[in-house]
Amino acid sequence: MSTIRLPASQDIVEVPDPATPDELDRVVAGALSAHRTGAWSRDHRLRSRVLLAWAEALEAEGDSLVDQLVRETGKVVAEARLEIAGACEALRYNAGACRASRDEYHELSDGNRAVVRREPLGPVVFITPWNWPLLLLLRDLAPAFAAGVTAVVKPSSQTYEVTRRVIELGHSAGVPAEVLHLVAGEGEVGQALVEDPRTRGVAITGSTAAGQAVMRAAAVTMTRPLLELGGKATSLLLPGASLDGVLETLGRASVITAGQMCMACTRILVHRSQFDDTVAALQSVLDGLVVGDPADPATDVGPLIGEPAFGKVSSYLELARDQKVLITGGDRVQVPGLQGYLLRPALVAGADSTSPLVQEDIFGPVLGVEPYETLAEGVALANATPFGLAASVWGPDAALARSVADGIDAGTVWINRYNKSYPEIPSGGFKMSGLGRTRGAAGIDQFTEIKAVVDSAGVGTWR
């Protein structure tokens with residue numbers, strides 16, 4: 001056994017040692033056998049029934065799982081509840097999708113007939129992060145199960161136990177043990193699974209560096225990658241847009257999971273005529289957030305996951321101080337009886353677009369504000385980072401907002417709202433934010449192989 005430190009209490013808890021090569025061999029062999037010979041990949045009614053039962057079981061254990069999520073991740077109670085609800089929604093949506101055929105049928109010009117089939121990809125590796133461990137697992141796993149694959153899950157050690165509980169609920173709901181496996185470990189275990197020629201796909205949510213490592217490992221056997229990686233989500237306020245309510249929404253969106261979330265709002269672009277008012281209003285919003293114990297329902301911002309994260313975010317805050325762009329926040333908060341790494345949300349205003357504060361994924365409670373002169377410049381600034389996961393556009397002119405959204409390089413762009421996802425709508429990243437799509441029909445197709453079967457049996461002549 002090894003140990004980890006919980007982010008809020010700093011208690012030390014045990015997690016299993018990394019899976020051995022022999023264990024990984026047995027797990028992958030089991031997943032492959034279940035794919036080739038079991039009923040799971042063929043029986044869509046079975047899969048549909050099991051996913052619905054799993055959602056019911058997850059919902060029934062919701063309160064207990066919320067408590068465990070708060071302890072293991074440091075996220076606040078409201079976020080943990082949203083995570084459980086989103087995980088259940090993913091299971092229920094994809095339970096219905098199990099029953100919908102994705103095959104195509106064609107009558108060909110020479111009299112032949114063809115079916116274009118979507119077959120389950122095979123054993124797939126799921127590498128999940130600690131920040132939204134259950135939602136991000138089931139967001140990918142549920143459509144993969146709708147496609148009929150088998151799975152090996154390697155969670156972050158930080159959230160191994162809560163992931164184990166949810167997988168046990170899946171087994172109790174009817175997912176066969178050989179269809180869904182759980183292994184412990186970090187990067188070396190994930191690499192071994194991806195490089196195994198018997199696994200045919202890998203889905204990972206994590207940093208861009210982690211995704212690049214997976215891409216390199218996947219290249220060895222041409223394993224299909226699904227990568228949702230880092231972000232620098234930008235919100236663009238159209239010239240003259242009302243600030244009422246919008247900045248409250250975006251300020252709170254910047255501290256989702258203490259800013260440790262790839263879709264957290266990290267930049268706001270506003271016309272220069274509204275820049276000073278925006279900075280003042282955001283300062284008020286961020287200063288008014290409650291930083292403290294994530295188990296307290298009154299808390300808005302919980303702790304960072306650990307000391308390395310605290311050190312990384314603090315280095316960016318030092319840079320902001322050196323560049324004289326730090327407006328408020330960034331100091332460590334001490335709460336009696338709580339030993340975690342708490343940071344007061346920071347506001348950075350007017351940083352140069354080439355600064356690491358703008359270009360890099362800080363992954364902490366740091367929100368930047370930048371002015372633009374023309375709308376074309378605003379769109380160019382929105383696209384001026386290596387990332388392209390999510391963005392938002394705000395303003396009363398719907399046609400203009402849609403036009404601006406079309407010009408932003410991001411996998412998801414919200415108009416006059418922020419951070420609302422749906423199991424039927426594909427999501428994923430542009431540029432360094434990822435490859436492939438999860439959710440919706442595209443998310444199911446991600447886990448299939450296309451096979452064309454051309455049938456000449458009916459070809460003949462009538463004379």
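The shown structure was predicted, so the numbers you read here are calculated from the model rather than taken from an experiment. Note: hydrogens, waters and symmetry copies are ignored here, and every other heavy atom, side chains too, is used.
Contact record, V335 with L342: CG2-CD1, 3.6 Å, taken as the closest heavy-atom pair. The two atoms that bring G231 and S433 nearest to each other are CA-OG, 4.0 Å, heavy atoms only. Considering every non-hydrogen atom in both V183 and P155, the closest pair reads O-CD, 3.4 Å. The minimum heavy-atom distance linking D293 with T299 is given by the pair O-OG1, 2.7 Å. Here the shortest heavy-atom pairing between Y418 and A264 reads OH-C, 3.5 Å.
Using modelled atom types, no side-chain atom of N131 and backbone atom of T73 make a donor-acceptor pair closer than 3.5 Å. Of the possible donor and acceptor atoms, none in the side chain of D409 sits under 3.5 Å from a partner among the backbone N and O of N383.
Within the 4.5 Å cutoff, the side chain of E61 has heavy atoms near those of the L169 side chain. The closest side-chain heavy-atom distance from V175 to F145 is below 4.5 Å. Contact of the L237 side chain with the L243 side chain is registered, since non-hydrogen atoms from C-beta on lie closer than 4.5 Å. For the pair Y160/L182, a side-chain contact is recorded, criterion being any heavy-atom separation below 4.5 Å from C-beta on. Residues L180 and H171 meet the side-chain proximity criterion, which asks for heavy atoms closer than 4.5 Å. No side-chain heavy atom of D300 sits less than 4.5 Å from a side-chain heavy atom of V291.
Taking a cutoff of 4.0 Å between a charged side-chain nitrogen and a carboxylate oxygen, E228 and R139 qualify as a salt bridge. Under a 4.0 Å N-O distance rule, the pair E360/K232 does not qualify as a salt bridge. The pair E161-R165 fails the salt-bridge criterion, with no side-chain N (NZ, NE, NH1 or NH2) lying under 4.0 Å from an Asp/Glu carboxylate O. The pair D11-R5 does not count as a salt bridge, with every side-chain nitrogen at least 4.0 angstrom from each carboxylate oxygen.
Classified by interplanar angle (parallel below 30°, tilted 30° to 60°, perpendicular above 60°), the ring pair Y372/H271 is perpendicular.
Here OG of S427 is found 8.0 Å from CG of D140. Values are rounded to the nearest 0.5 Å. With rounding to the nearest 0.5 Å, the separation of CD in E370 from OG in S355 is 9.0 Å.
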>> For a side chain to side chain donor-acceptor pair (under 3.5 Å) check, start with the C-alpha distance between Q339 and S9, then their side-chain angles and the critical distance, and finish with the verdict.
In response: CA-CA 6 Å; Q339 301 177 37; S9 66; over 6 Å; no
>> Apply side chain to side chain contact (heavy atoms under 4.5 Å, CB included) to residues R200 and V124 and explain how you reach the verdict.
In response: CA-CA 6 Å; R200 299 309 311 137; V124 176; 5.8 Å; no
> side chain to side chain donor-acceptor pair (under 3.5 Å) between S392 and W394: does it pass, once the steps are laid out?
Replying inline: CA-CA 7 Å; S392 67; W394 299 78; 2.8 Å; yes
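Figure legend: R332 and F310 shown as a cation-pi pair, the cationic atom lying under 6.0 angstrom from the six-membered ring centre and within 45 degrees of its axis. For K75 and W130, the positive end is not near the middle of the six-membered ring at less than 6.0 Å and at most 45° from its axis. Both the sub-6.0 Å distance and the 45° axial angle are not jointly satisfied by K312 relative to the ring of Y316.
For CE of M1, the number of neighbouring non-hydrogen atoms (other residues, nucleotides, ligands) closer than 6.0 Å is greater than 12. Within 6.0 Å of the CD atom in Q10, the count of heavy atoms belonging to other residues, nucleotides or ligands exceeds 12. With a 6.0 Å radius and a threshold of 12 heavy atoms from other residues, nucleotides or ligands, M261 has its CE atom above the threshold.
Donor-acceptor pairing under 3.5 Å is recorded for the side chains of T257 and E79.
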